[in-house]
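Because the structure is predicted, anything quoted here is derived from the model rather than measured. First listed ligand is number 1; within each ligand, the first listed atom is number 1.
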Amino acid sequence: MSEFYLKDKEEVLKELGRGEQGLTSKEAETLQKQKGYNELVEKEKKSVIQIFLEQFADFLVLILIAASVISAFLGDVESALVIGIVITINAILGTVQHQKAEKSLNSLKQLSAPNAKVLRNGDTVILPSREVVVGDVVLLEAGDYICADGRIIENASLKVNESALTGESLAVDKQDITITKEVPLGDRINMVYSGSFVTYGRAKFVVTDIGMDTEVGKIATLLKNTADRKTPLQINLDQFGKKLSIVILIVCALLFVMSVIKGDSVIHAFMFAVALAVAAIPEALSSIVTIVLAFGTQKMAKEHAIIRQLQAVEGLGSVSVVCSDKTGTLTQNKMTVIDIFVNETNKDVKNVLFDLELERKLLVYSVLCNDASNVDGVKIGDPTEIALVDLMERGNSQGENDFGSVTQVREKYPRICEIPFDSDRKLMTTVHQIDGKTISITKGAVDVILEKAISIEMKDGIREITSEDKENILEMNHTYSSEGLRVLAFAYQEVEESKACKVEEENLIFLGLVSMMDPPREESKAAVEECKMAGIRPIMITGDHKITASAIAKQIGILNDGDRAVEGAEIDKLSDQELINFVDDVSVYARVSPEHKIRIVKAWQEKGNIVAMTGDGVNDAPALKQADIGVAMGITGTEVAKDAASMVLTDDNFATIVKAVENGRNVYSNIKKSIKFLLSGNTAAIIAVIYASLAGLAVPFAPVHLLFINLLTDSLPAIALGLDPHSVDVMKEKPRPKNESILTKDFLLGILSEGLIISIMTMAAYYVGLKNGTTETARTMAFATLCLSRLVHGFNSKSKKAILFKKEIINNKELFGAFFIGFILLNAVLLIPSLSGVFEVAPLTTQMLFTIYGLSIANLFAIQAMKWVKVNILKVDQ
Ligand code: ATP
């Protein structure tokens, strides 16, 4: 195996049989077929059979199986069979749900899989990293994850963080040199390795190893499936479920002892106790949450928000502060140059000739110190820079302004070296050969450039820059900014050719300003309004100038009377403690560095808030991780930012965050509906059994009845409630407090009262049966009423308010489907004579059947009336 780092790049390219132009799609396809995908092999996934079998591994199901085997031995083969069938159907349902949830989560994972910029057929294309093959030429820039191992073939100040491989947290300076002696991995500066990421600069590399052959592949051996991490809500529910289970098991044990003392057979008493335990213990809670969350994320993905961590969906519901970037998120990121300023005068650039030498110079320099391109109308690059390319093209189209095409200008004055833009410095510099001189051109924020300028170029030549000049320029900057325009300053200096790549951004000659417009997105204003209505504080955090930021913030309603706009530098003067009090009335932070972002998030969190924070650059990753909901930009965001975020916006739009919060709140509210539905139904069964036992009546249900309800007819409405149509009303409420448990006192009282009403109807049916028939008839009626009442109760559970006469009650077709399936199953059991033996039901008269229907529907009216009283008179928030 050849050590690529010991060879020069021509040798490497030759050995791989490829040129600097990369591969053709065809070559890549063949290689990919031969060598497979560029990915680390995951531990084998569970098979369907395994998942199916796991459904039986539940403690209660195991007891149930044991109980049915024993009863079969004692001669009751029929019950054993029915229980077996019911458990199997339940397991099938569980497997299908598991698979569906898994599938939607997997498709989500794919949506947020990393990409790479690769040369194919000579053009740059963006591909999923897994499709990269050996011999591909990959382009890197700050914020990219390195997708494979490779040898650098072109380098512009590339710095790479290789801590995942070497443990070294400082970024390594990479160079396109040949290394002559063997060195450890961390010193192979002409190579890049998969699993590390670019913190600065640009480069091209040719892929030498992919997948498991990469250095990280060798140490990773088999990548473990990321463990299914439970969300806080699931943990909360699991704990609650456990406590409840213990109480229920004790109650069941007591009932068992009492039945045996009363003379019941041990096996019968045991079967009943087990069935009641199965009926009462809410073992499905946590899995219902997974299913509802999984479906919720699918809806969100369709609405441009890709969830990378399930817990984010829950967290979104309680977000109380949204810190958003300006450019591209609140604005359109469609920049157009409006005005330029040279030689102490400004000029509207629409339909104007660039006749002044200085203007022409500014234009030429603006496309040289620039990485954007416009190839046949396809614009690639930073919108700020695209605007400058557009400006020159506009200039060209105006008759006498013949600069030549942007490509021609760039070829005429070739770039020798560069210092890439970064949002900390707010500057970018490129060095060119211009008319026999070596000129370094710097563009960036006006304040930063002015600090570094010692001279100014005017119509009649270069002279020292005076404080008056600076005031003039700052005044112009102020005028532009107050109109919400983004301003860039240009400066340059002549350097010695030998120092072209050691240039410093100091002692500059000021050239001029360019101002551009980036209008707010149309939907931003409404989204800000909605945020406020929902009790969420929108905050703008931007690298741009304070006045520009404030102008835009005012237009969209983020900055209102009494709010303040401050610069990042002001935060530097404050301690963390002081910052906590400071953040309250600040709505706009300008000239912010990524470190400021972390401090702002922390300050809001200290105040008890759940904070969502947007970010796109590689330096934003720590702030995205610190935020409760880190939101990365899908279009302009770097791979590193996306990786650190819990949500990625595929349209980079602020309004999408607000929509995601709405979805998060709705998902949470739907989960609450499902839980309430399940627990109130279970409570009804328990109350009925305890009542019968205290009143000295025969138990109102046979074990098979409880299993039928709990394992078959109950889970479908619970899932359907999880899919309940979303409502915009959730945005009229305040955010859910951070640590609020789902199981509040009012919520539990709601479950108890609804359970009580259902149990009253159930026992009423029992008495009717007892009066008009045998104990079996009474049981049958109690069972059927409980089963149907719970199906009807699905409609009650749709809202905490009374909705009987509102359209809302009929807007969930899944719930109707679940109701009808349950209704048909129940009637089949009641009416098909061959099933009656198996399900221990007695024959019913038509009158009895209608009594069951009537009592079940009565629940709807009774519970709706109770909700109305609770909401409108008692003002209880359940
Ligand atoms: P936001 O943080 O809301 O996205 P932003 O895009 O203005 O706002 P940065 O990209 O950090 O924030 O830019 C900060 C400043 O750096 C800008 O105000 C501008 O003056 C300057 N700047 C932006 N892009 C470039 C560039 N490509 N070259 C040189 N300077 C730039």
Side chain proximity check, Ile434 to Tyr365, heavy atoms < 4.5 angstrom: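 Touching, per the 4.5 Å side-chain cut-off.
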- request: Find out whether Gln493 and Ile441 are in side-chain contact, i.e. whether some heavy atom of one side chain is under 4.5 Å from a heavy atom of the other.
  value: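 A side-chain contact is absent here, since even the closest heavy-atom pair is not under 4.5 Å.
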query: Given the rule in the side-chain contact (heavy atoms from CB on, under 4.5 Å) test, do Met516 and Ile338 qualify, once you have shown the distances and angles that lead to the verdict?
result: CA-CA 5 Å; Met516 41 189 96; Ile338 298 286; 5.6 Å; no
message: Give me the atom names and distance for the closest heavy-atom approach of Ala491 to Leu508.
response: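 The pair with the smallest heavy-atom distance is CB-CB, 3.8 Å.
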message: Under a 3.5 Å threshold, yes or no: a donor from one side chain and an acceptor from the other, between Ser593 and Glu595?
response: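 Yes - a donor-acceptor pair under 3.5 Å links their side chains.
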message: For Asp652 and Thr636, which I'm curious about, is there any donor-acceptor pair between the side chains at under 3.5 Å?
response: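 Judged by distance alone, the side chains do pair up.
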Would you check the N or O atoms of [X], main chain and side chain alike, for any that come under 3.5 Å of an N or O of ligand 1?
X: Asp616; value: no
X: His545; value: no
X: Phe421; value: no
X: Thr384; value: no

- prompt: Between Lys554 and Asp563, is there a side-chain N and carboxylate O pair less than 4.0 Å apart?
  reply: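 Result for this pair is no, no salt bridge flagged.
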field: Side-chain ion pair, Asp447 and Lys426, N-O less than 4.0 Å
entry: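 Here Asp447 does not pair with Lys426 in a salt bridge, since their nearest N and O are not under 4.0 Å apart.
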Going by the order shown, which atoms of ligand 1 are within less than 4.0 Å of some heavy atom of [X]?
X: Asp382; result: 24 (N), 27 (N)
X: Ala445; result: 20 (O)
X: Arg486; result: 5 (P), 6 (O), 7 (O), 13 (O), 17 (C), 23 (C), 24 (N)
X: Arg591; result: 15 (C), 18 (O)
X: Ser423; result: 11 (O)
X: Asp325; result: 2 (O), 3 (O)

For [atom], the protein heavy atom that lies nearest, with its residue and separation:
atom: atom 2 (O) of ligand 1; value: Gly543 N, 3.0 Å
atom: atom 1 (P) of ligand 1; value: Thr542 OG1, 3.5 Å
atom: atom 18 (O) of ligand 1; value: Asp544 OD1, 3.0 Å
atom: atom 3 (O) of ligand 1; value: Lys326 N, 2.6 Å
atom: atom 28 (N) of ligand 1; value: Lys443 NZ, 3.1 Å
atom: atom 19 (C) of ligand 1; value: Leu488 CD2, 3.8 Å

Nearest-0.5 Å distance that lies between atom CZ in Arg202 and atom CG in Asn155: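 Arg202 CZ to Asn155 CG: 10.0 Å, rounded to 0.5 Å.
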query: With a 4.0 Å cut-off on heavy atoms, does Val487 reach ligand 1?
result: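 Yes, Val487 has heavy atoms under 4.0 Å from ligand 1.
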task: List the steps, then state whether side-chain contact (heavy atoms from CB on, under 4.5 Å) holds for Tyr492 with Phe510.
output: CA-CA 7 Å; Tyr492 70 97; Phe510 181 85; over 6 Å; no
message: If we set the cut-off at 4.0 Å for heavy atoms, which region of Thr327 has an atom near ligand 1: side chain, backbone, both, or neither?
response: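 The answer is both, backbone and side chain.
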- prompt: Pick from Ile610, Val321, Leu579: which one makes a side chain to side chain contact (heavy atoms under 4.5 Å, CB included) with Trp604?
  reply: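 Exactly one option meets the side chain to side chain contact (heavy atoms under 4.5 Å, CB included) with Trp604, and it is Val321.
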